[in-house]
Amino acid sequence: MSWDEGGNSSGVYIQVSQPKPFEEPAPEGSRYLVADVLVGNKATGPARVSFSGRVGTVEAPPVADGGPVPPVLPGESVTIKQKFRVPADATELVLEVYANVGQESTTNRLHFKGPISG
């Protein structure tokens, strides 16, 4: 999917905005981006959401500011500001958003891909 499109995974709706530069010093050769991730839980159990990212074959790891993302309870919709570290010259990013509901051991994921703003 592209930025600002949304999809469902196990009863969890996920939509990701286009990542934008995050003005904070990053390790040499990299920079930070931030994306707004809308998560709406229509499932019967809490949803655990996690992320991974890549630029080409290079990992673009999520940065946990303040610890792990708390579960999204049934009936809730929240917007998570998720930060990623990417190579300084990156122009496109692929994000995977994982959603596990309740005690499911199966990971469901949605892929988002597109250009980086700025």
For the student: nearest non-hydrogen atoms of [X] and [Y], plus distance:
{"X": "P74", "Y": "A43", "result": "CB-O, 3.4 Å"}
{"X": "S52", "Y": "P62", "result": "CA-CD, 4.4 Å"}
{"X": "L110", "Y": "G7", "result": "CD1-O, 3.5 Å"}

Test item: [X] and [Y] side chains (from C-beta on) under 4.5 Å apart, heavy atoms:
{"X": "P21", "Y": "S117", "value": "yes"}
{"X": "F112", "Y": "V97", "value": "yes"}
{"X": "N41", "Y": "V12", "value": "yes"}
{"X": "P87", "Y": "V58", "value": "yes"}
{"X": "V55", "Y": "V94", "value": "no"}
{"X": "V39", "Y": "Y13", "value": "no"}

Sidechain-backbone polar pair: R31 side chain, A90 backbone, donor-acceptor under 3.5 Å:
yes

*asked:* Using modelled atom types and a 3.5 Å cut-off, is there a donor and acceptor pairing between side-chain atoms of W3 and backbone atoms of P115?
replied: yes

Going by chain and number, the hydrophobic cluster around V63 (ILVMFWY, side chain to side chain under 4.5 Å) further includes F22, Y32, V34

Residues 73-88 vs side-chain hydrogen bond (donor to acceptor under 3.5 Å, both in side chains), sequence neighbours excluded, gives E24-K83, D36-K81, D65-K83

Find the distance between [atom1] ([X]) and [atom2] ([Y]) and round it off to the nearest 0.5 Å.
{"X": "I116", "Y": "K20", "atom1": "CD1", "atom2": "NZ", "answer": "11.5 Å"}
{"X": "S17", "Y": "L38", "atom1": "OG", "atom2": "CG", "answer": "10.0 Å"}
{"X": "F84", "Y": "L95", "atom1": "CZ", "atom2": "CG", "answer": "4.5 Å"}

Are the charged groups of E96 and R109 less than 4.0 angstrom apart, N to O?
-> yes

After noting the C-alpha distance and the side-chain angles of I14 and V37, does the key distance pass the side chain to side chain contact (heavy atoms under 4.5 Å, CB included) rule? CA-CA 7 Å; I14 299 169; V37 181; 4.1 Å; yes

query = Yes or no on side chain to side chain contact (heavy atoms under 4.5 Å, CB included) for M1 and K113, after CA distance, side-chain angles and deciding distance?
reply = CA-CA 6 Å; M1 284 181 266; K113 178 180 179 179; over 6 Å; no

